[in-house]
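Chain A is the first sequence line, chain B the second, and so forth, proteins listed ahead of strands; every chain is numbered from 1.
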Amino acid sequence: MLDPKYLRDNLEEAQRRLATRGEEANLAAFTDLDRRRRELLGESEALKAEKNRVSAVIGQTKDKGAVQGEIVRMKEVSAQIKTLDDELKAVEENLQGLLLRIPNIPHEETPVGASETDNREVKRWGDLPTFDFEPKAHWDIGEGLGILDFERGTKITGTRFTLYRGAAAKLERALINFMLDLHTGEHKYVEILPPLMVNRDSMTGTGQLPKFEDDLFHLDDPDYFLIPTAEVPVTNIHRNEILAGSDLPVCYTAYTPCFRKEAGSYGKDTRGLIRQHQFNKVELVKFVKPEDSDAELAQLLDNAEEVLRRLKLPYRVVDLCSGDLGFSAARTFDIEVWLPGQATYREISSCSNFRDYQARRAAIRFRREDGEKPELVHTLNGSGLAVGRTLVAILENYQQADGSVLVPEALRPYLGGLERIDKS
RNA sequence: GGAGAGGUGGCCGAGUCGGCUGAAGGCGCUCGCCUGCUAAGCGAGUGUACGGGGUAAACCCGUACCGAGGGUUCGAAUCCCUCCCUCUCCGCCA
């Protein structure tokens, strides 16, 4: 959520910067509601002050007959307050609803652009593998080895669900452990195993609600949602809390399955593991002081990149332009891994600085020193990495002419020393 | 799922037949005093949000908040209703 005070004082600037997202924010409505709210609040509070004062007098008066007139008058005042508060409540609900639907303002350094094509490539790492045969797509490799079963996944549940068996299942598990060990052991993140279902407040805190309910799997009873990313439960760990400044930065990593409806992506990536309704991801989440968030994002991004470097998978980093930015993010770097089967780079991680946008929604604050006013933290998160897509990248980059797949050296200790996946 | 108990400030814990209780008391914490060291002792202070004033701040005024939301009342932490959560026992279960 944007700061209402900032909007009040810098309406044109906010409008202009939000416009770079290609989205028209209804800021005129904000101005009207905000003004009306303050009018009503002023009137209501003045009457409450009067009521409190007179009620105290009535309480001290023994002879109630002498204050009968005041009692009658206060009855009337209470009725007026009720009327004002009813309207105030409606105005505040509208205002809140409006603010919750306005996306974050892009970072000053976010490239301005309309879409994906305007994203700025900032880095390439690794040499692209060469093959003396036509490299296959991962779905062919996986089916050929008998380790990915797309048909049965669909039979058991439906489209965009896949059954892993044997080496693929083990490889997925090895990747999860490898990533968590790296981030907890060398990058000093604290491992979290959060709930996979969350309530509405949590979804609102990170920005999935109220605008993107259609993208989420929902349980009717109780009214819970399946998490689309560990960002949601992990960021909400500190919702409505005031952290000690000396504890920042707080860094968490969590492995969780993620559930997404992928509404509106019909026909896209229908083959293979790229776009599933359920996938595994290791997430990195940070709570930091505002002045540190740019540097912390750079570090988080590097922590995610390190996974690919250890696996020797070629990748590039892209600075997302304003038009391609997610709803809550101010700045986002995507890491895209090379997929030889499709001869293209595909997103495998998205690392973002949300600044105080989520912190304001979720009331996540910190105190620099004892006795000082609480301030909003900055929140960051990024995939470290999407596990299923990492498996895809390994299958495609490490595939051999005979259909087998070499295991990256860094993963072998996690697979009992296994060097190669053969048809089983 | 059944039965019972309970949700008050950073923590513990009082709140009588509804009225100077933002909330006793204790602990913790901060500052000052005292003190060979440590410990103890003395004094003062110690929530958040919103609105208004003042603005570089400090600060001042008002309102709200005793799990959440409604209701009764001139007035509710205290009474009534609904919901949520926690604990204990039973049942069930990985």
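Here the P atom of nucleotide B:A49 and the CD atom of A:Glu92 are 16 Å apart, to the nearest Å. Remark: C1' of B:C74 and CD of A:Gln60 are 13 Å apart, rounded to the nearest angstrom. One atom, CZ of A:Arg367, and another, P of B:G10, lie 9 Å apart when rounded to the nearest Å. Nucleotide B:G19 holds its P atom 20 Å from the CG atom of A:Asp63, rounded to whole Å. What separates NZ of A:Lys48 from C1' of B:C50 is a distance of 11 Å, to the nearest Å. Rounding to whole angstrom units, CD of residue A:Glu76 and C1' of B:U73 are separated by 16 Å. Rounded to whole Å, atom P of B:C50 lies 18 Å from atom CG of A:Asp85. When rounded to the nearest whole Å, the span between CD1 of A:Ile364 and P of B:U48 equals 18 Å.
The strand RNA chain B forms stems, runs of 3 or more Watson-Crick or G-U wobble pairs with distances below 3.5 Å, at B:1-7 with B:84-90, B:10-12 with B:25-27, B:28-33 with B:41-46, B:47-53 with B:59-65, B:67-71 with B:79-83.
Looking at heavy atoms from C-beta onward, A:Thr159 lies out of side-chain contact with A:Thr270 at the 4.5 angstrom threshold. Side-chain contact between A:Leu226 and A:Leu196 is absent, with no heavy atoms from C-beta onward closer than 4.5 Å. A:Gln400 has its side chain out of reach of A:Val405: every pair of non-hydrogen atoms, C-beta onward, lies at least 4.5 Å apart.
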Would you tabulate the nitrogen or oxygen pairs shorter than 3.5 Å linking the protein to nucleotides 75-78 of chain B?
{"residue": "B:G75", "atom": "OP1", "partner": "A:Ser78", "partner atom": "OG", "Å": "2.8"}
{"residue": "B:G75", "atom": "O4'", "partner": "A:Ser55", "partner atom": "OG", "Å": "3.4"}

What are the atom names and distances for every N/O pair under 3.5 Å that joins the protein to nucleotides 65-72 of chain B?
{"residue": "B:G70", "atom": "OP1", "partner": "A:Lys89", "partner atom": "NZ", "Å": "3.2"}
{"residue": "B:G71", "atom": "OP1", "partner": "A:Lys82", "partner atom": "NZ", "Å": "3.3"}

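Rounded to whole Å, the C1' atom of B:U16 lies 31 Å from the corresponding atom of B:G62. If you take atom C1' in B:A76 and the same atom in B:U8, they sit 14 Å apart, rounded to whole Å. If you take atom C1' in B:G15 and the same atom in B:U78, they sit 8 Å apart, rounded to whole Å.
For A:Tyr252 and A:His238, the ring centers sit closer than 6.0 Å to each other.
Within residues 29-47 of chain A, the residues approached by RNA chain B to less than 4.0 Å at the level of any non-hydrogen atom are A:Arg37, A:Arg38, A:Leu41, A:Glu45, in residue-number order.
Donor-acceptor pairing under 3.5 Å is lacking for the side chains of A:Arg355 and A:Ser293. Counted by atom type alone, A:Tyr315 and A:Arg309 present one or more donor-acceptor pairs between their side chains at under 3.5 Å.
With sequence neighbours excluded, the residues that form a ring-ring contact (aromatic ring centres under 6.0 Å, His included) with A:Phe217 are A:His277. Under the salt bridge (Lys or Arg N to Asp or Glu O under 4.0 Å) criterion, A:Glu291 pairs with A:Arg368, not counting sequence neighbours.
Each of B:C50, B:G62, B:U48 was ranked by its minimum atom distance to the side chain of A:Ile242; first place goes to B:U48. Nearest nucleotide to the side chain of A:Ile58, out of B:G19, B:A49, B:C50: B:G19.
At a threshold of 4.0 angstrom between heavy atoms, the contacts of A:Arg53 with the nucleic acid are absent.
Of the two residues near RNA chain B, A:Ile71 and A:Ala49, the one whose nearest nucleotide lies more 5' is A:Ala49.
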